[in-house]
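Since the structure comes first, as structure tokens, the remarks are kept for the end.
Since the model is a prediction, treat every value here as computed from it, not as a measurement. To find a chain, count down the sequence lines: A is the first, B the second, and so on, and within it residues start at 1.
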Amino acid sequence: MTSDYKTIVRDGLWDNNGVLSMLLGMCPTMAMTTSATNGLGMGLATAAVMAASSFLVALFRRLISQEVRIPVFVLIVASMVTLVDLAMNAWMHALYKVLGLFIPLIVSNCLPLARLEAFAAKSKALPALVDGLFMGLGFTLALTLIGAVREILGSGTLFANASLLLGPPFKAMELRILPANMGVLMMILPPGGFLVTGLLVVVKRLFDLRAGKEIRMSGAHCAA
Amino acid sequence: MKETVMMMIGAALVNNVILARFLGLCSFMGVTTRIDTAAGMGLATTFVITVSSMADWAVQRYLLEAYGLGFLRTVTFILVIASAVQFTEMVIRKVSPSLFQMLGIYLPLITTNCAVLGVALLLAENHMSFIAATLFAFASAAGYSLVMVIFAGLRERLALASVPRLFAGPPIAFIVAGLLAMAFMGFSGISTV
């Protein structure tokens, strides 16, 4: 049983990473990665929603009939998103203002829905919770990575404003990598999001090749 | 009048739904391997965005704001959108069975296209009049369709090019999309709306 959980964790974090392998949840991936801090915040919010909704769907999986499952899933995710939305507005207002529109848009992120359909709907509650959580954390990892690359190249900093968003103890995370006038503005503008994501998918493929695995030629599109 | 036209140009080109706001990227990557599918998807999504934005505008004004139910916005909007998608599916099946065949699985997925929810949420936050909201939704959707067709055209050419194996498929598509986004940044000189 423990090895099962190990596979779930490994799959979620890296092997089957939601962004870099499956290419799901692209909208927040591009829009919210202008800095590593934003990516981290967006990722954690999504992870919370995924863990909670996977757990609930797995808990009620015998009660949800096959025909209406998609609307039910969407409603469950929407309720969880509303909870996260309200909680962040109350306790993390600075971060909430930055992420803005994209918190409610977690509802139409394909990644939570894809995991509900592919995993939570057929499994027990606890593995589903672990799967949702670690798929979410893998998403966070990818977003933070893309955000970090874009931020270093674009504005020369890393985790800028982390203390503002996460609390004073995180002040030590704020780094300046390049001098202020070295940044390539394009990297934090929309084109940079596409370029960095494309190149990071290639990096992930390189790692997969080195590990002796077949590289995936196409993403799992949002076929929920 | 002039303001309305500028607002529509801004929504369609300057703040393009896909390339500037990053909404609807799943369908942008998923259904743009052929021009005709991309055009069909663009038309269907345009219809859904316009209809659901009008409905969401009414829901926002007369239900959520009137009764102080703002916290239910996400849930109600997604329900309205799901119904609009179902309605579109019925219309397309009647009007054009061949398009219905072609779009197949992607039709119900318009529900989870964040362009639809995103435009509705943008409208809800900007407090526009009904006419302005409808025009804004339509212009955004037109910009979405335009980019879908352009990108499908690029990918049809790309399919014939010899791309290094590591870059084949999605990565090269992302890089091409980045170049397209750069081209669209040229529109930002037109207006500031």
Side-chain angles (χ1 to χ4, degrees), chain A residues 23-33 70-71 73-75 77-79 81-83 85-86 89 100-114 186 189-206 209 215-224, chain B residues 16 18-31 33 71-79 81-83 86 105-106 108-118 120-122 124-125 164-185 188:
Chain A
L23 300 172
L24 292 174
M26 279 297 133
C27 305
T29 305
M30 305 278 179
M32 278 304 129
T33 51
I70 301 284
F73 290 171
V74 171
L75 273 186
V77 176
S79 321
V81 168
T82 308
L83 287 183
D85 190 75
L86 293 174
N89 198 357
L101 188 66
F102 278 86
I103 296 290
L105 280 180
I106 299 176
V107 181
S108 50
N109 185 335
C110 329
L111 186 58
L113 217 58
M186 195 196 75
L189 290 174
F194 287 109
L195 294 179
V196 171
T197 310
L199 293 175
L200 279 180
V201 172
V202 173
V203 171
K204 170 80 165 77
R205 285 181 168 185
L206 269 177
L209 270 189
I215 52 176
R216 302 175 61 139
M217 293 317 273
S218 67
H221 293 301
C222 310
Chain B
N16 185 277
I18 296 177
L19 295 175
R21 293 196 201 275
F22 293 122
L23 297 171
L25 288 180
C26 296
S27 56
F28 179 61
M29 287 293 159
V31 286
T33 41
F71 65 96
L72 284 178
R73 198 174 63 184
T74 315
V75 182
T76 38
F77 276 21
I78 201 82
L79 271 182
I81 290 168
S83 329
Q86 195 71 54
I105 171 133
Y106 287 104
L109 290 179
I110 299 180
T111 313
T112 52
N113 184 336
C114 38
V116 184
L117 185 59
L121 288 171
L122 275 175
E125 262 157 34
R165 203 176 131 66
L166 270 175
F167 281 83
I172 193 73
F174 278 123
I175 290 166
V176 170
L179 298 179
L180 190 59
M182 249 184 257
F184 263 70
M185 275 174 61
S188 59

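- The choice from A:Val81, A:Val107, A:Asn89, A:Leu86 that makes the most heavy-atom pairs within less than 4.5 Å of chain B is A:Val107.
- In terms of heavy-atom pairs under 4.5 Å with chain B, the best-connected choice from A:Gly198, A:Ala78, A:Pro191 is A:Pro191.
- At a 4.5 Å heavy-atom cutoff, B:Phe77 makes no contact with chain A through either its backbone or its side chain.
- When heavy atoms are compared at a cutoff of 4.5 Å, A:Met186 approaches chain B solely by way of its side chain, counted from C-beta outward.
- The parts of B:Leu121 that come within reach of chain A are both its backbone and its side chain, each placing non-hydrogen atoms under 4.5 angstrom from that chain.
- For A:Leu189, the part lying near chain B is the side chain, with the backbone staying farther off; criterion is any non-hydrogen pair under 4.5 Å.
- In this structure, A:Thr197 has no side chain to side chain donor-acceptor pair (under 3.5 Å) partners at least two apart in sequence or on a different chain.
- Inter-residue side-chain proximity for B:Leu79 and A:Val74 is flagged as unmet; no heavy-atom pair is nearer than 4.5 Å.
- If you measure heavy-atom distances from B:Ala177 to chain A, the contacts under 4.5 Å come from both the backbone and the side chain.
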Q: Check step by step if side chain to side chain contact (heavy atoms under 4.5 Å, CB included) holds for B:Thr74 and A:Asp85.
A: CA-CA 10 Å; B:Thr74 315; A:Asp85 190 75; 5.6 Å; no
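- In this structure, the ring-ring contact (aromatic ring centres under 6.0 Å, His included) partners of B:Phe22, at least two apart in sequence or on a different chain, are A:Phe194.
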Q: Using the side chain to side chain contact (heavy atoms under 4.5 Å, CB included) rule, take B:Phe174 and A:Val202 through it: C-alpha gap first, then chi angles, then the decisive distance, then the call.
A: CA-CA 11 Å; B:Phe174 278 123; A:Val202 173; over 6 Å; no
